[in-house]
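No experiment lies behind these values; they were computed from the predicted model shown. Numbered from 1 within each chain, the chains take letters A, B, ... in sequence-line order.
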2 protein chains.
Amino acid sequence: MNEKNTISSITYDDIKKDIIFGKLKPSIKLKLDNLKNSYNASLSTIRETLNRLASEGFVKAEEQRGFFVNSFSQDDLIEIANLRVLLECHALELSIKNGDTDWEGNLVASHHKLHLLEKETQKDYKKNREEWKKYDWGFHLALVSNCRSKNLLNLHSILYDKYIRYQMTVTEYRGKEAEEEHKIIFEAALKRDTKLASETLEKHILKGLDHTLTIFK
Amino acid sequence: MNEKNTISSITYDDIKKDIIFGKLKPSIKLKLDNLKNSYNASLSTIRETLNRLASEGFVKAEEQRGFFVNSFSQDDLIEIANLRVLLECHALELSIKNGDTDWEGNLVASHHKLHLLEKETQKDYKKNREEWKKYDWGFHLALVSNCRSKNLLNLHSILYDKYIRYQMTVTEYRGKEAEEEHKIIFEAALKRDTKLASETLEKHILKGLDHTLTIFK
DNA sequence: AATGTAATAAATATATGATATTTTATTATG
DNA sequence: CATAATAAAATATCATATATTTATTACATT
């Protein structure tokens, strides 16, 4: 149920994915005619998609001059990381407070799946990036999913993707350290240790930021 | 310079405004053909606009079933108010910390203009709602404008509009009390009293929430 | 000859109207 | 009264036409 049927939504997913994983590189111009051919959709459909992505901040729309993949900058990355800390830690705290059995079960499952994949990822990061992102997202979403604010969850998911877009350009996997952080956050959340969970999550995001900032050096 | 030339951007502004001020009522279906006629634009242009507004959360898009003005609910309003507190107070604190002369000047000006208009507004709120919103926004923007995070400012402006959409349906003006809060925030910001400014801003938003919640009773 | 400006051509974005597909409403049938 | 078949309405998509921007060329000035 709730399948994505329309060309529009398929195109949206495809282009967004290509931006996040760097197939469509920062700052490049998105020429409508090119996109039309590579994504097999009409101009109107492409424009709808780009307008949506522009609203979310993955694409920059310049009136009558066209669309561009949003550029990278150190400041932008720092802003995004800090906002992610603000929203995700807040959501995590709410989530833990509201914590119920379903949430806990889902959290255990998603951490387990992430943990399994982390081993694979260490072998060949580049190859497994998409998979890794899927399970990392699954875990972080499970953490905050019980915050009872759809508005907050929406904002958070966009911010997560923006953060990850930068991270996906870094060639080395942060690995061991990040896994350890995941584990601490996970266990703290189960124990309802809001403070430890939130503080470790903040560290986790900011250390990821540091790791990613190397691309600007 | 930087004028809004395209039909698309004009239509976007118009429809957004009509949603915020309740001319397009919550939950109603936005039939493309009707909009096409009332806003004098082609179907594709209307669709572009609605896709943008859907991304921002003013419109709900249901695949192959069309577009609807986002519905009202008590929970949604509470979520929005709380998120506005989180983001706006955070931005205010940053803004005050970075506070410079330009920021201060702009703040004085915008508070002055708001103060002048508040007197007018008391006479005939319904008539002056649009004007009031413009100056209230001017003041709140001036407060946070120095936070040095474009990402934060973008999110904040959308949240502000969502909050105000609810408030615009309330017939009575909160008046005196809100004006007093504005004044305290303003003076605290000038004195660089971050704590007082932030705490009063939080109260201000939450009292506005209470006032608006009456529409659900 | 080098540089700046104006005129033209090409590329591109914007906007529209026509067609195809899907959903919703209506009618017919068991 | 429920279900199936049909008709109507609405959405989604596309192909084409118009307007704007960008690139190229020609011309004039120092």
Side-chain angles (χ1 to χ4, degrees), chain A residues 1-19 23-72 154, chain B residues 1-19 22-71 154:
Chain A
M1 53 178 272
N2 205 12
E3 292 172 62
K4 301 247 173 161
N5 293 313
T6 60
I7 296 182
S8 197
S9 62
I10 294 167
T11 308
Y12 168 81
D13 288 341
D14 289 350
I15 294 183
K16 188 170 181 176
K17 191 175 161 189
D18 287 346
I19 290 175
K23 210 166 168 181
L24 293 170
K25 299 215 166 60
S27 305
I28 65 157
K29 174 148 204 196
L30 295 165
K31 288 188 194 171
L32 296 169
D33 215 52
N34 293 353
L35 297 182
K36 181 186 133 170
N37 295 324
S38 29
Y39 294 93
N40 296 307
S42 68
L43 282 178
S44 318
T45 307
I46 296 287
R47 283 182 61 86
E48 282 184 24
T49 296
L50 295 181
N51 271 296
R52 286 173 66 184
L53 291 169
S55 279
E56 295 178 14
F58 295 99
V59 159
K60 188 172 70 170
E62 284 191 31
E63 206 109 300
Q64 276 163 337
R65 292 198 52 253
F67 299 88
F68 305 79
V69 175
N70 237 23
S71 55
F72 271 172
N154 280 339
Chain B
M1 52 178 272
N2 206 12
E3 291 171 62
K4 300 245 175 164
N5 294 311
T6 60
I7 296 182
S8 197
S9 61
I10 294 166
T11 309
Y12 168 81
D13 288 342
D14 289 350
I15 295 183
K16 186 170 182 177
K17 191 175 161 189
D18 287 346
I19 290 175
K23 210 166 168 181
L24 293 170
K25 298 215 166 59
S27 305
I28 64 158
K29 173 146 204 203
L30 294 166
K31 288 189 194 170
L32 296 171
D33 215 51
N34 293 353
L35 296 183
K36 181 186 134 172
N37 296 323
S38 28
Y39 293 94
N40 296 306
S42 68
L43 281 179
S44 316
T45 307
I46 296 288
R47 284 181 61 87
E48 282 183 24
T49 297
L50 295 181
N51 271 296
R52 287 174 66 185
L53 290 169
S55 280
E56 295 177 14
F58 294 99
V59 159
K60 188 173 70 171
E62 285 191 30
E63 207 109 301
Q64 277 163 336
R65 290 198 54 253
F67 299 88
F68 305 80
V69 175
N70 237 24
S71 55
N154 279 339

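- In this structure a side-chain-to-backbone donor-acceptor pair under 3.5 Å is missing from B:Asn34 to B:Leu30.
- Residue contacts for A:Thr45: at a heavy-atom cut-off of 4.0 Å it reaches the sugar-phosphate backbone alone, with no base atom in range.
- When rounded to the nearest whole Å, the span between NZ of A:Lys36 and C1' of C:dT12 equals 13 Å.
- When rounded to the nearest whole Å, the span between CD1 of A:Ile7 and P of C:dT21 equals 10 Å.
- Judged by distance alone, with hydrogens and angles left aside, the side-chain atoms of A:Lys29 form a donor-acceptor pair with the main-chain N or O of A:Arg65 at under 3.5 Å.
- Looking at heavy atoms from C-beta onward, B:Phe67 lies in side-chain contact with B:Arg47 at the 4.5 angstrom threshold.
- Contact of the B:Phe58 side chain with the B:Asn70 side chain is not registered, since no non-hydrogen atoms from C-beta on lie closer than 4.5 Å.
- Distance A:Leu30 CG to C:dT14 P: 12 Å, rounded to the nearest Å.
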For nucleotides 19-24 of chain D, read 5' to 3', which letter fits each nucleotide if B means a protein heavy atom sits under 4.0 Å from the base, S means only the sugar-phosphate is that close, and - means neither?
-SSS--
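- Of the candidates D:dC14, C:dT14, C:dA18, the closest approach to any side-chain atom of A:Ser42 belongs to D:dC14.
- Heavy-atom minimum distance, B:Tyr12 versus B:Thr49: CA-CG2, 3.5 Å.
- Regarding A:Phe68, its CZ atom lies at a distance of 12 Å from the P atom of C:dT12, rounded to whole Å.
- Counting only heavy atoms from C-beta on, B:Lys31 has its side chain closest to D:dA10 among D:dA10, D:dT16, D:dC14.
- We find that CD1 of B:Ile46 is positioned 15 Å from C1' of C:dG17, with the value rounded to whole Å.
- Atom CG of A:Leu50 and atom P of C:dT14 are 10 Å apart (whole Å).
- Remark: C1' of D:dA17 and CG of A:Leu43 are 12 Å apart, rounded to the nearest angstrom.
- With A:Lys25 contributing its side chain and A:Val69 its backbone, the two residues share no donor-acceptor pair below 3.5 Å.
- B:Leu32 comes within contact range of the sugar-phosphate backbone alone, with a heavy-atom separation under 4.0 Å but no base atom that close.
- Residues B:Asp33 and B:Ser44 each lie close to DNA chain D; by heavy-atom proximity, the contact nearer the 5' end of the strand is made by B:Asp33.
- Going from atom CG of B:Asn40 over to atom P of C:dA15 covers 13 Å, rounded to whole Å.
- You'll find the side chain of B:Thr6 stays beyond 4.5 Å of the side chain of B:Thr45, heavy atoms only.
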